[in-house]
Asker: 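One structure is given below, represented as structure tokens, and several questions about it will come after.
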Protein chains: 2
Amino acid sequence: MMASYPPVQSVTRSFAVLKELNRRKVTTVHDLHVATGLPKPTVVRLLETLIDAGYVSGDRRQGGYQVTSLVTSLSSGFHGDHLVVEAGRAWALLLTRRFVWPFSIAVLDKDCVVVRYSTVPDSPISPFHATINMRLSLVSRALGRAYLAFCPDSERKLLLKMLKTSTAPEDAMARYPKQFATVIKTIREQGFSERDPMVEPKNSCNIAVPIMQDKRVLGTLCTTYFKSAMTRKEAIDLFVEPLQIAAAHIAEDVDRLQSVPLVEDDLTSKTG
Amino acid sequence: MMASYPPVQSVTRSFAVLKELNRRKVTTVHDLHVATGLPKPTVVRLLETLIDAGYVSGDRRQGGYQVTSLVTSLSSGFHGDHLVVEAGRAWALLLTRRFVWPFSIAVLDKDCVVVRYSTVPDSPISPFHATINMRLSLVSRALGRAYLAFCPDSERKLLLKMLKTSTAPEDAMARYPKQFATVIKTIREQGFSERDPMVEPKNSCNIAVPIMQDKRVLGTLCTTYFKSAMTRKEAIDLFVEPLQIAAAHIAEDVDRLQSVPLVEDDLTSKTG
DNA sequence: GCTCAAAATTTCGCAGGGCGAAATGATGAG
DNA sequence: CTCATCATTTCGCCCTGCGAAATTTTGAGC
């Protein structure tokens, strides 16, 4: 279809508002005004339309607005997510319930990773955190570095080859193979990755681990924390082990989903 | 907030279009025109806006239009789904991949069940099937009947008491306790439920099983098939066991998610 | 390859729907 | 109680979204 119309302005605006509402648990009119640049009467009008449609609830007295369960109708037709994301969602929620900090899952997409699941909206202490569908560098971001460090050598060589020609500023270190090899080596030794300290935001840091299956990386799992809330050492002591345990469980769940028979005679034929 | 504006027409329309796109894998302009009642130029204009925003892709030559992975940004803030839904999603997808027919998961909500997950968009052979967020009768629908039949006696008595005053036509049988008790007894004996044959659509049927935990029903899982594609006996032979096996796995996953320690010393203290 | 029904796309004049500055109201920190 | 700030409401205006009609495209059937 060759586009015959310009985008419908109020529709584009309403999706910007809804997307913003999905980024946190509760959002105010002011928050939406700031995030979208829309005049407040416009924000209110669109909010009221979303409330009328059932996708949003709340008002000022409740501290703001939030999405309702009905928003699942707006994405229920998309099931193309990786099995690792399907299997990992509940574990990420479990981690946020246990530790309160936000957790995310990312998968490889060409020469970067994409956040496919995030519990940012469920965490009351959310540093600026990659929102869902955000593409993150394999070179400078924790979620990406965990992928690069733990994927098979042949895959890493291929990815690094692609990254050498990348013009993205955050991929710059890929053009210094020796320096970056040291980074990769350190990550492999310690079993987890962290964001390049040169990359914004500077008030937070994150820790990521790979989700492995048969020496392949299915995806990566990470948390983010405020530097003001704990030291790096405290964060490592607190998060690395639970991240690794959860990653192992996610991998087990993927295994089971891929191999469990659903009929008794399938089981019989396998043991037969 | 007291509503100060009428809903923005084009916004309401665009969500109706997007919701419809989520109901199936691929949708045509004609399909959307029929489902929403909107004139085709209006449908095309809204579609182009959704494409421009990245939530939809495709065109006539691809057989129609479909939602993209970006729609997950429109619901990512909602995480209030029951753990049974989180745990069950991947299993439902697995079932559809294995059997091609659609599968759904529902949970209790007051005096009916609500479909919280459905693989209808992933199944090329989708009979009219309950879409996500649809409320279904406990009395006449398979997903609801499976709940009623297998929940604890005390809970069933309470639900039946509520249902006796229901004016919904599909709950009518709740007012004939003896007749309905026979239905419940049969379902318990055979281990699965089916939709009341008097309820539309008549060209399909479904089979549902409970997802049990400690004698409580966490939710229900079902499939739908065309009567023209197989006999009732063939459907029972094909689906009941896999449904029951998948339901057992889902329940196990819920158990593990609720109880697994994420730190080694938690594990130590438990075994200590 | 042609016909033709049906679906898809495009045009464009029009009017009313959506807009946002300004005004007013509500809230809560100090 | 004051007052800064956020929330809500008003309402005149204008340009955005509309949809009938026209045109184009598609593919089934022969």
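In what follows, chains carry the letters A, B, and so on, assigned in the order in which the sequence lines appear, proteins first and then strands, with residues in each chain numbered from 1.
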Asker: Select one nucleotide: of dC11(D), dG17(C), dA8(C), the one nearest the side-chain heavy atoms of Tyr5(B).
Answerer: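 Of the options given, the side chain of Tyr5(B) lies nearest dC11(D).
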Asker: Aromatic rings Trp101(B) and Phe239(B): how do their planes relate, parallel, tilted or perpendicular, breaks at 30° and 60°?
Answerer: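 Perpendicular, since the angle between the ring planes exceeds 60°.
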Asker: Measure from CG on Leu38(A) to P on dC19(C) and round the result to the nearest Å.
Answerer: 8 Å
Asker: What is the distance, rounded to the nearest whole Å, between atom CD of Glu48(A) and atom C1' of dT10(D)?
Answerer: 13 Å
Asker: What is the separation between atom CZ on Arg45(A) and atom C1' on dT8(D), rounded to the nearest whole Å?
Answerer: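 Distance, rounded to whole Å: 12 Å.
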Asker: Report the distance from atom CG of Asp52(A) to atom P of dG18(C), rounded to the nearest whole Å.
Answerer: 12 Å
Asker: Assign Pro39(A) to base, sugar-phosphate, or nothing according to its heavy-atom contacts below 4.0 angstrom with the strands shown.
Answerer: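 Sugar-phosphate, backbone atoms only, no base.
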Asker: Decide side chain to side chain contact (heavy atoms under 4.5 Å, CB included) for Leu32(A) and Leu38(A); before the verdict, give the C-alpha distance in whole Å, the side-chain angles of both, and the deciding distance to 0.1 Å.
Answerer: CA-CA 8 Å; Leu32(A) 292 170; Leu38(A) 296 169; over 6 Å; no
Asker: How close or far is atom C1' of dA7(D) from atom CD1 of Ile51(A), stated in whole angstroms?
Answerer: 13 Å
Asker: Is there a side-chain contact between Thr42(A) and Thr36(A) (heavy atoms, below 4.5 Å)?
Answerer: no
Asker: Just the rounded figure in Å: distance from C1' of dA6(C) to CG of Leu32(B).
Answerer: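 These atoms are roughly 17 Å apart.
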Asker: Is the phosphate of dG20(C), meaning OP1 or OP2, less than 4.0 Å from a side-chain N or O of Thr42(A)?
Answerer: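 Checking dG20(C) against Thr42(A), a side-chain N or O does come within under 4.0 Å of OP1 or OP2.
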Asker: If you find the nucleotide of DNA chain D closest to Val8(A) and the one closest to Pro41(A), which residue's nucleotide is nearer the 5' end?
Answerer: Pro41(A)
Asker: Please determine if a side-chain N or O atom of Ser10(B) lies less than 4.0 Å away from the OP1 or OP2 oxygen of dG18(C).
Answerer: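 Checking dG18(C) against Ser10(B), a side-chain N or O does come within under 4.0 Å of OP1 or OP2.
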Asker: Answer with yes or no whether the side chains of Thr72(B) and Asn133(A) bring together a donor and an acceptor at under 3.5 Å.
Answerer: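 A donor-acceptor contact under 3.5 Å links the two side chains.
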Asker: With a 4.0 Å limit, can you tell me whether Gln9(A) has a side-chain N or O closer than that to the phosphate oxygens OP1/OP2 of dC19(C)?
Answerer: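 Checking Gln9(A) against dC19(C): at least one side-chain N or O falls below 4.0 Å of OP1 or OP2.
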Asker: Looking only at side chains, do Thr28(B) and Asp31(B) share a donor and an acceptor under 3.5 Å apart?
Answerer: yes
Asker: Between Lys40(A) (NZ) and dT10(D) (P), how many Å, whole number?
Answerer: 18 Å
Asker: Which whole-number value in Å describes the distance from His33(B) NE2 to dA6(C) C1'?
Answerer: 12 Å
Asker: Under 4.0 Å from OP1 or OP2 of dC18(D): is there any side-chain N or O of Arg13(B) that close?
Answerer: yes
